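Numbers for residues simply follow the sequence, beginning at 1. No experiment lies behind these values; they were computed from the predicted model shown.
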Amino acid sequence: MSNKSIISSQSSTEPEPARLKRELSFKVAHNLFVSFKYAWAGLSYTFQTQRNFRIHTVIGSVALSLGLSLQLEPVELAVIALTSGLVLVMELLNTALEAVVDLTVERTYHELAKIAKDCAAAAVLVSAMAAVVIAAFLIIPPFLALFQA
């Protein structure tokens, strides 16, 4: 069964406005360029509005620069880049989750909203701590070797 027949069979039981919204949701990014435009908008928004994202970007860039200047092996540089990228991805997901939670609860306090936001922030923290440990294991030995020589 094709995707179109699955969609039409699922949407035939829905009221017309709901079916129309679902069909339109598949047409938001009509080509690859538009998809990249939306992704860039999310990255740009996060960089402009989230202080921690900017901090993580700087720290990841410093770690990668140190690795390059210490002439780490390509695989070690890749590990630093990957873990730094993971922290940025977690920060993007945290920002998205916070926006959805804020949209849902508006300006009211809800304990479940707090839990969701705290857990997303904790995921960023855990990934950042792991990235720091990994970078330290890779950067500190050659850095200390510079002073011993």
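- Sorted by first then second residue, the ring-ring contact (aromatic ring centres under 6.0 Å, His included) pairs that include residues 46-84, not counting sequence neighbours, number zero.
- Note that CD1 of Ile59 and CG of Leu88 are 10.5 Å apart. Values are rounded to the nearest 0.5 Å.
- Distance check, rounded to the nearest 0.5 Å: CD of Glu98 to CG of Leu103 gives 13.5 Å.
- Hydrophobic clustering (ILVMFWY, side-chain heavy atoms < 4.5 Å, transitive): Val58 and Ile134 are in one cluster.
- Residue pairs meeting the side-chain hydrogen bond (donor to acceptor under 3.5 Å, both in side chains) criterion with at least one member in residues 41-51, sequence neighbours excluded: Ser44-Gln48.
- No side-chain heavy atom of Asn52 sits less than 4.5 Å from a side-chain heavy atom of Asn94.
- Counting only heavy atoms from C-beta outward, the side chains of Cys119 and Ile115 approach each other to under 4.5 Å.
- Cluster membership for Leu77 and Leu146, using ILVMFWY side-chain heavy atoms within less than 4.5 angstrom, is shared.
- One finds the CG atom of Leu138 at 12.0 Å from the CG atom of Leu66 (value rounded to the nearest 0.5 Å).
- Applying the side-chain hydrogen bond (donor to acceptor under 3.5 Å, both in side chains) test to every pair with at least one member in residues 57-80, sequence neighbours left out, gives no pairs at all.
- In this structure, Asp102 and Lys117 have side chains that are in contact, with non-hydrogen atoms separated by less than 4.5 Å.
- Within 6.0 Å of OH in Tyr109 there are more than 12 heavy atoms belonging to other residues, nucleotides or ligands.
- A continuous path of hydrophobic side-chain contacts links Val79 to Ile139 [ILVMFWY only; heavy atoms under 4.5 Å].
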